[in-house]
There are 2 protein chains.
Amino acid sequence: MSGISPRSVQRQHARRNGEEGAGSGRAGPARARGDRIALGYLTDHVGYVVRRAQLAIFKDFIETMEPVAIRPAQYSVLIVIDQNPGLTQAELSRALAIKRANLVGMLNELERRKLARRVASPSDRRSHALHLTANGRRMLARFHRRALEHERRATRALDPGERRLLLDLLGRVARSLG
Amino acid sequence: MSGISPRSVQRQHARRNGEEGAGSGRAGPARARGDRIALGYLTDHVGYVVRRAQLAIFKDFIETMEPVAIRPAQYSVLIVIDQNPGLTQAELSRALAIKRANLVGMLNELERRKLARRVASPSDRRSHALHLTANGRRMLARFHRRALEHERRATRALDPGERRLLLDLLGRVARSLG
DNA sequence: TATTGTTATACTCTATAACTATA
DNA sequence: TATAGTTATAGAGTATAACAATA
């Protein structure tokens, strides 16, 4: 544990301007106009803080990639296919924790845009070997340049060591729950 | 910047087992059975790493709170009402970045369960002053105990200083994108 | 029997527009 | 004219069940 406990929650739980027993029906504006809203110990919950950061980062990523029409999940799929040419949909599904069923539409779209291809596997006729097209690799390089621009913006408040540390800490959290 | 660059991306872009020019139609199993799938530089993107951590944390939170039927957003709403008795729905909406329209159903549910109440505001008859009921405060204390249990699990891979550091780094990232 | 890709479907979250009543 | 709460609705993203083909 670390800094959060029932005791500290109690302490942080400030009773504002004498408001008491609202359940009994007392009304009245409990706060003066313009007062800032306190999030309290919510900002001490890793889940909340991670969520807010994730939303801010994705918002910037989506805006950055909007001109090339690539969503976060599509970008991750393209990278994993590029790094593992010939992998199957089931393997891709497991690697990215995307349900097999939900990959179908994504791959249809990537094929439609001539970025990726399903190739019949000769060894196992149930599965498809996934590849980027030559065009897909070319486009992925362009996507990278934009994604890097986003990455710089997303981590501009951190120095290189802090950025690395953040990735490490988050990785440990995810693995420990995995 | 910090450790990620077009150059490093190039370097990491390994061409596995001689696979080349998949766009031209070459098939064949590009990977031996049982090979691990490489995520490559995906794990160097703060967006991807934050997203995976957030999913793992929320999964544990949702499972932990399932017996008391509280979702992450509901928990955050209860905390902010508790910390700011009498605040309006619009204020709550802004504080948590939840759209006004999407708060309506949530508050209906919390009222139905006798955890929170909308009280007519005398000063501005358009708005509602939000309060926890006495029961709501009692229940929130129970929710806290479970949430703390979750928090311990989610950050068990970190020491207290690392946990604090993680919250700080994420806060800076979110604020810098704000 | 188990697995692969697929379809159909549902549920949650989130986003927008429009309405009403107030300010 | 703008804001608060509400309704209705649409779009993502994600989840499950079931099926045909194949292992």
Side-chain angles (χ1 to χ4, degrees), chain A residues 29 31 33-34 37 47-48 51-52 54-56 58-59 61-63 65-66 69-77 81 86-111 116-130, chain B residues 29 31 33-34 37 47-48 51-52 54-56 58-59 61-63 65-66 69-77 81 86-111 116-130:
Chain A
R31 307 172 31 265
R33 281 284 299 167
I37 298 302
Y48 180 76
R51 176 62 172 160
R52 288 300 289 261
Q54 188 255 311
L55 287 174
F58 267 47
K59 181 171 187 292
F61 182 91
I62 291 167
E63 285 169 7
M65 305 302 273
E66 194 268 340
I70 287 291
R71 308 280 304 177
Q74 290 176 312
Y75 183 62
S76 68
V77 161
I81 297 176
L87 87 169
T88 67
Q89 296 181 200
E91 287 173 324
L92 179 57
S93 162
R94 283 187 289 268
L96 288 176
I98 297 173
K99 293 273 174 295
R100 266 175 10 265
N102 296 331
L103 267 181
V104 176
M106 291 189 52
L107 291 172
N108 288 348
E109 168 77 1
L110 295 177
E111 278 200 312
R117 294 186 60 212
R118 292 167 166 109
V119 178
S121 164
S123 54
D124 183 341
R125 288 166 55 209
R126 292 170 303 180
S127 64
H128 300 156
L130 301 174
Chain B
R31 308 172 27 267
R33 281 286 297 168
I37 298 302
Y48 180 76
R51 176 62 172 160
R52 289 301 289 261
Q54 189 256 312
L55 286 174
F58 267 48
K59 181 171 186 292
F61 182 91
I62 290 166
E63 285 168 7
M65 305 302 273
E66 194 266 340
I70 288 290
R71 308 280 304 179
Q74 290 177 312
Y75 184 62
S76 69
V77 161
I81 297 176
L87 87 168
T88 68
Q89 295 180 203
E91 288 172 324
L92 178 58
S93 162
R94 283 188 289 268
L96 289 176
I98 298 174
K99 291 276 175 295
R100 270 180 359 271
N102 297 330
L103 268 181
V104 176
M106 290 190 51
L107 291 171
N108 288 347
E109 168 77 0
L110 295 178
E111 278 200 312
R117 296 186 59 214
R118 291 168 167 109
V119 178
S121 163
S123 55
D124 184 340
R125 289 166 54 208
R126 291 171 303 181
S127 66
H128 299 157
L130 301 175

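What you see below is based on every heavy atom in this structure, not just the backbone, and it leaves out hydrogens, waters and symmetry mates. Throughout, a chain's letter reflects where its sequence line sits, starting with A, and its residues are numbered from 1.
- Taking 4.0 angstrom as the limit, B:R118 places a side-chain polar atom (N or O) nearer than this to OP1 or OP2 of D:dT6.
- Rounded to a whole Å, the CD1 atom of A:I98 is 14 Å from the P atom of C:dG5.
- Rounded to a whole Å, the CG atom of B:L87 is 18 Å from the P atom of D:dT3.
- Aromatic ring centres of A:F61 and A:Y75 lie closer together than 6.0 Å.
- A close approach under 4.0 Å does occur between a side-chain nitrogen or oxygen of A:Q89 and OP1 or OP2 of C:dT6.
- A salt bridge is absent between A:E111 and A:R117; no separation between the charged side-chain nitrogens and carboxylate oxygens falls under 4.0 Å.
- Rounded to an integer number of Å, the gap from B:E91 CD to D:dA4 C1' is 11 Å.
- The two residues A:N102 and A:M106 come nearest to each other via the heavy atoms O-CG, 3.7 Å.
- Straight-line distance from the CG atom of A:L55 to the P atom of C:dA15: 8 Å, rounded to whole Å.
- For A:D124, the side-chain atoms get nearest to D:dT22 when compared with the rest of C:dT7, D:dT14, D:dT22.
- One interatomic measurement links the two molecules: CD of A:Q74 to P of D:dT14, which rounds to 12 Å at whole-angstrom precision.
- Both B:K99 and A:R126 sit near DNA chain C, but only A:R126 has its closest nucleotide nearer the 5' end.
- Taking every heavy atom of both residues into account, B:A73 and B:S76 meet most closely at O-OG, 2.8 Å.
- Taking the nucleotide of DNA chain D with the nearest heavy atom to each of B:L107 and A:P72, the more 5' of the two is matched to B:L107.
- Residue contacts for B:A73: at a heavy-atom cut-off of 4.0 Å it reaches no nucleic acid atom on any strand shown.
- Note on A:R100: a base of the nucleic acid sits closer than 4.0 angstrom, heavy atoms only.
- Rounded to an integer number of Å, the gap from CZ of A:R71 to P of D:dA12 is 7 Å.
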